[in-house]
Amino acid sequence: MSVQAAPGPGRKAPRGPSCRSEASLAPARARVAVGHWEVGHGAPRLALRGMRWSQAFIPTLRDDPANAEAASHRLLLRAGFVRQLSAGHYSILPLGQRVRLKIDRIIRDEIDGIGGQQFHLPAMHPAELWKKSGRWEIMGDEMFRLTDRKGSENALGMTHEEVFAQLASEISSYKQLPQLWYQIQTKFRDEPRPKSGVLRVREFTMKDSYSLDLTQDGLDAQFDRHHAAYQRIFGRFGVDAVDVEASSGAMGGSDSIEFMVRSDAGEDWIVTCGTCDYRANLERATSRVEVIDDPDMVPDTERFATPGIRTIAGLADGFPEVAAPDRQIKTLVYLIDGTFTLVMMRGDHALQEQKLQDVTGGIDIRPAQADEIREQLGALPGSLGAVGVTEHPIIADQALAGRRGMVTGANEDDWHLRNVDIERDIAVGHWADLREVSAGEACAVDGGELELWKGIEVGHIFKLGTKYSEVMGAIVQDENGESHPIIMGSYGIGLERSMAAIVEASHDDAGIIWPWEVAPYHVIVTLLRQQDDAVVAAGDRLYADLTDAGYDVLLDDRDERPGVKFADAELIGVPYRVTIGPRGLASGLAEFTTRSTMETIEIPLDAVSDHLP
RNA sequence: CGGGACGUGGCGCAGCUUGGCAGCGCGCAGCGUUCGGGACGCUGAGGUCGUGGGUUCAAAUCCCACCGUCCCGACCA
């Protein structure tokens, strides 16, 4: 049995002998509603209030929905936590909302705990604001834009640096700093491809905080406090969120740390060392490159015919003595904001495009097309090289520094050059780390073996600097009367994504296993034999007592067979189940089942709360 | 944006090749039997077959266009 109709307003308890239960429940509910809603820092429990399943809208599905690949997608759908409205837009159902509220409150608890002040900013922003920061153009198609009746352009906020920085322009003295501002708001991003249920969507809730400081030291301190708060937050979510070095991407900024939950449903690759604590996003990760023995001196470069050869492997096969892959220069061509740019990698190394974007500061980066390359260089990919090229910028990966005796394309199809001495023969404009790390390589820190795994980004903190405060005029005077732009930091956590990450990390074949602090209910009281007055009475009493004690309790009072109730309880993932049936009740006993282990013990009915956290 | 698949009661699907009463399982409603791991019987309710156009006596089925959804890739605070 699964789909339950929502009760109409004022509808009474289900049929059956429940007058007594209503009487006993009423005072408990009223007290819970006012007594447990407000939660201070370090509150032991985040209680909401109880519910009878017979009146709840918990549309569980008996079968797996089609079109749901990721475990979190499948389970959140099947267990009745979310429903899809359209691609990238999900309705959060009551169970999901309870989890989200708990996530929300844990976040507020911890951010308030480091001095955060909560705001609520508009989701829709005037275009001018984004034009001022330059991001009206930078954000491109990823920003939802709309025109109002007056013809004014607007955007749906993807993030709120601009709005907060504009508010910060009202601060004029160092005496008002530092500040920590945050909000929990809906963000809109026109993702080209929403996927994996609630993991990658176009409309989602984010906690975004912004630190405002006079000095770099102040920023560092707030950054570190956030780092610690995030570790506490994800700890309370019950997930292992690994903090990794990251690229700050299009946001600019320096230090950047992402919090990643390991999952194959994730979309980021993370590199970790097996023997030390080095860990980084693949977009940023480095590794130790073995030194290649080069000749001290090489003769002048020399053309040689390479008919039909277009690949690193082909050249290495054809000329094994001179053109091993680590002796070749791979020349890639990119258009970086329209500038035709040569990018050189060692033949056996791969380019990490995000690194290229980070070092060039480019916004629009794409590989050049064959015809564009032929027009500029006179040859097609497979025969390209940078020797003698002076009219285009050349960026080289640092693994090529100082190399001699290299082979590269001659910018003429079917011809290559040998004896290339990079410093001597190529006008490298910029050296940088551009190489993508592979699994099994040696850690740059201690030489340990690097591992690659997929993760879900649930949080990201980074140091913004003064970019937004400068454009928005958030300038303060220090104690000497000198003006300084406020130094900002930016810190985000995705709420629904966190909910999905928790499910990814905590489920089994039967369903979700909610960690205690984020569980929609702490306990489910499962009644067997709905017709048995004694069972109903005992259930009502336990429900009232536990609710009274501050637990979130779901009373499964549905007239269903036991198998259905057990299966549903496991599916929605309530941490503890208390089963009351006529068999045990005769001797005052109930069954107590722990969802995570599925262990069941018999305990006295009046001792249930002794077994709860 | 490129490649692939799909769109038929709430969910999962068949029917389309070969045009002719819109079906099945689950779920839902009523009655009865049952009741500690997704019961059973009987009786019912529920569908613009994604949308628009075309072909035809007749379209879920054939043709065209569009829309939507999912998967892979590109993309991506």
Side-chain angles (χ1 to χ4, degrees), chain A residues 1-5 57 59-70 73-74 77-78 80 83-89 135 138-143 157-161 187 189-197 199-202 204 206 208 246-253 256-260 267-268 281 283-284 353-354 357-358 363-367 457-464 489-494 497 510-511 526-532 535 556 558-571 577 579-585 590-591 593 598 600 602:
Chain A
M1 181 92 37
S2 42
V3 180
Q4 299 290 324
F57 181 65
T60 58
L61 302 171
R62 190 165 197 156
D63 301 309
D64 279 339
N67 295 336
E69 295 280 315
H73 187 195
R74 180 169 51 80
L77 225 39
R78 190 148 96 84
R83 284 294 183 267
Q84 178 173 296
L85 180 63
S86 64
H89 301 266
R135 295 207 291 183
I138 291 173
M139 289 310 186
D141 291 338
E142 214 187 329
M143 187 152 71
M158 308 171 61
T159 171
H160 283 77
E161 279 80 9
K187 310 288 186 196
R189 293 181 190 176
D190 193 354
E191 290 284 345
R193 189 184 156 202
K195 58 178 288 200
S196 304
L199 275 176
R200 185 177 182 74
V201 289
R202 306 205 303 171
F204 59 97
M206 186 180 212
D208 49 325
S247 154
S248 23
M251 298 297 305
S256 172
I257 293 178
E258 289 172 336
F259 291 80
M260 310 295 308
E267 299 184 279
D268 285 280
N281 192 303
E283 294 177 349
R284 168 105 184 175
E353 279 195 27
Q354 186 64 49
Q357 179 151 28
D358 289 347
I363 295 160
D364 182 23
I365 293 194
R366 65 168 175 88
E457 180 191 346
V458 288
H460 194 172
I461 61 177
F462 60 97
K463 300 179 180 175
L464 269 183
S490 173
Y491 318 87
I493 294 177
R497 181 179 279 188
T526 300
L527 266 34
L528 304 182
R529 282 266 184 190
Q530 199 58 32
Q531 300 73 10
D532 188 318
V535 167
D556 191 352
R558 296 174 299 167
D559 186 13
E560 284 292 350
R561 298 175 67 81
V564 173
K565 294 189 168 200
F566 295 153
D568 270 347
E570 284 146 27
L571 178 61
R577 185 181 87 215
T579 309
I580 300 180
R583 212 162 64 189
L585 189 58
E591 278 171 23
T593 305
M598 289 308 291
T600 296
E602 286 220 310

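Proteins come first, then strands; the chains are lettered A, B, ... in the order of their sequence lines, and each starts at number 1. Bear in mind that the values here come from a model prediction, so they are computed numbers and not experimental data.
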Trainee: In the strands shown, is B/rC31 matched to any nucleotide by a Watson-Crick or G-U wobble pair with both distances under 3.5 Å, and which?
Mentor: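 Base-paired to B/rG41.
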Trainee: Could you let me know what B/rA58 is paired to, Watson-Crick or G-U wobble, both distances under 3.5 Å, or none if it's on its own?
Mentor: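 Partner of B/rA58: none.
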Trainee: Paired with B/rG2 by Watson-Crick or G-U wobble geometry, both distances under 3.5 Å: which nucleotide is it?
Mentor: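 Answer to the pairing question: B/rC72, which forms a Watson-Crick or G-U pair with B/rG2.
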Trainee: With a non-hydrogen cut-off below 4.0 angstrom, is A/Gly581 in contact with a base, only sugar-phosphate, or nothing?
Mentor: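 Base, at least one base heavy atom under 4.0 Å.
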Trainee: Under a 3.5 Å limit for both distances, which nucleotide forms a Watson-Crick or G-U wobble pair with B/rU51, could you say?
Mentor: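 Per the H-bond distance test, B/rA65.
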Trainee: Roughly how many Å apart are B/rG12 and B/rC28, using the C1' atom of each and rounding to a whole number?
Mentor: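 About 16 Å, rounded to a whole number of Å.
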Trainee: Without hydrogens or angle criteria, can the side chains of A/Lys187 and A/His160 be said to hold a donor-acceptor pair below 3.5 Å?
Mentor: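 The criterion, which ignores hydrogens and geometry beyond distance, is satisfied for A/His160 and A/Lys187.
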Trainee: Rounded off to whole Å, could you give me the CD1-to-P distance for the A/Ile138 and B/rC75 pair?
Mentor: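 Roughly 18 Å, once rounded to whole Å.
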Trainee: A/Pro194 or A/Glu283: which one's nearest nucleotide on RNA chain B is closer to the 5' end?
Mentor: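 Going by which nucleotide is closer to the 5' end, it is A/Pro194.
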Trainee: For B/rU17, what is the paired nucleotide under Watson-Crick or G-U wobble rules, both distances under 3.5 Å?
Mentor: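 None - no nucleotide pairs with B/rU17, as no candidate has both distances under 3.5 Å.
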Trainee: Side chain of A/Phe566: nearest nucleotide among B/rG37, B/rC76, B/rC70?
Mentor: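 Side chain of A/Phe566 sits closest to B/rG37.
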Trainee: Would you classify A/Met206 as touching base, sugar-phosphate or nothing, given that sugar-phosphate means primed atoms plus P, OP1 and OP2, and contacts are heavy atoms under 4.0 Å?
Mentor: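 Touches a base.
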Trainee: Is A/Arg577 salt-bridged to A/Glu570, cutoff N-O under 4.0 Å?
Mentor: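 Looking at A/Glu570 together with A/Arg577, the answer is yes, because their closest N to O distance falls below 4.0 Å.
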Trainee: Output the single nucleotide from B/rC11, B/rC35, B/rU69 whose closest atom is nearest the side chain of A/Ala87.
Mentor: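 Shortest atom-to-atom distance from the side chain points to B/rU69.
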Trainee: Could you check whether A/Glu69 gets within reach of a base, just the sugar-phosphate, or nothing at all, counting any heavy atom under 4.0 Å?
Mentor: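 Touches sugar-phosphate only.
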Trainee: From the set B/rA74, B/rC76, B/rG37, return the single nucleotide nearest to any side-chain atom of A/Arg577.
Mentor: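 When the side chain of A/Arg577 is considered, B/rG37 is the closest of B/rA74, B/rC76, B/rG37.
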Trainee: Is there a donor N/O on one and an acceptor N/O on the other, under 3.5 Å, for the side chain of A/Arg193 and the base of B/rC76?
Mentor: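 In this structure, the two groups form no donor-acceptor pair.
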Trainee: Searching all strands shown, indicate the nucleotide that pairs with B/rC11 (Watson-Crick or G-U wobble; both distances under 3.5 Å).
Mentor: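 Pair assignment: B/rC11 / B/rG25.
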Trainee: With rounding to whole Å, what would you report as the distance between B/rA60 and B/rG19 at their C1' atoms?
Mentor: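 The same atom, C1', in both gives a distance of 10 Å.
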Trainee: Rounded to the Å, how far apart are A/His460 NE2 and B/rC76 P?
Mentor: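 It works out to 15 Å between those atoms.
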Trainee: Any idea which of B/rG36, B/rG37, B/rC13 is nearest the A/Ala66 side chain?
Mentor: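 Out of B/rG36, B/rG37, B/rC13, the nucleotide with an atom closest to A/Ala66's side chain is B/rC13.
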Trainee: Check the phosphate of B/rC70 against A/Gln84, side-chain N and O only, distance under 4.0 Å to OP1 or OP2. Yes or no?
Mentor: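 So the side chain of A/Gln84 is within the cut-off, an N or O lying under 4.0 Å from OP1 or OP2 of B/rC70.
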Trainee: In whole angstrom, what separates A/Asp559's CG from B/rU33's P?
Mentor: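 The distance from CG of A/Asp559 to P of B/rU33 comes to 13 Å, rounded to the nearest Å.
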Trainee: Atom CG of A/Leu585 and atom P of B/rC35: how far apart are they, to the nearest Å?
Mentor: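 Whole-Å distance recorded here is 18 Å.
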Trainee: Heavy atoms from C-beta onward define the side chain here; which of B/rU69, B/rC35, B/rC76 lies closest to that of A/Asn67?
Mentor: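 Looking only at side-chain atoms, A/Asn67 lies closest to B/rU69.
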Trainee: Do the side chains of A/Glu457 and A/Arg497 get nearer than 4.5 Å, heavy atoms only?
Mentor: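 Heavy-atom side-chain distance check passes, below 4.5 Å.
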Trainee: On a whole-Å scale, what distance lies between the C1' atoms belonging to B/rC66 and B/rC26?
Mentor: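 Roughly 34 Å separates the two C1' atoms.
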Trainee: Could you please name the option among B/rG37, B/rC76, B/rU69 that lies closest to any side-chain atom of A/Glu191?
Mentor: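 Comparing B/rG37, B/rC76, B/rU69 against the side chain of A/Glu191, the answer is B/rC76.
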Trainee: Find the distance A/Arg189:CZ to B/rC75:C1' and express it as a whole number of Å.
Mentor: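 In whole Å, B/rC75 C1' and A/Arg189 CZ are 14 Å from each other.
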Trainee: How far does the P atom of B/rC71 sit from the matching atom of B/rC16, given to the nearest Å?
Mentor: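 Nearest-Å result for B/rC71 against B/rC16 at atom P: 28 Å.
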Trainee: Pick the nucleotide of RNA chain B nearest each of A/Thr593 and A/Gly88; which residue has the one closer to the 5' end?
Mentor: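 Whichever sits nearer the 5' end wins; that is A/Thr593.
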Trainee: Of the listed nucleotides (B/rG12, B/rC72, B/rC35), which one gets closest to any side-chain atom of A/Lys195?
Mentor: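 Nearest nucleotide to the side chain: B/rC72.
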Trainee: A/Asp190 CG to B/rC75 C1': how many Å, rounded?
Mentor: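 To the nearest whole Å, that distance equals 12 Å.
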Trainee: Could you check whether A/Glu353 gets within reach of a base, just the sugar-phosphate, or nothing at all, counting any heavy atom under 4.0 Å?
Mentor: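 Touches sugar-phosphate only.
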Trainee: Under a 3.5 Å limit for both distances, which nucleotide forms a Watson-Crick or G-U wobble pair with B/rG46, could you say?
Mentor: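 Its partner: none found.
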Trainee: For the pair made of CZ in A/Arg78 and C1' in B/rG27, what is the distance, rounded to whole Å?
Mentor: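 That distance rounds to 14 Å.
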Trainee: Which of the following nucleotides, B/rG37, B/rU34, B/rC72, is nearest to the side chain of A/Arg561?
Mentor: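 My answer, after comparing the listed nucleotides, is B/rU34.
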Trainee: Considering only the P atoms, how many Å lie between B/rA39 and B/rG3, rounded to the nearest integer?
Mentor: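 After rounding to an integer number of Å, I get 48 Å for this pair.
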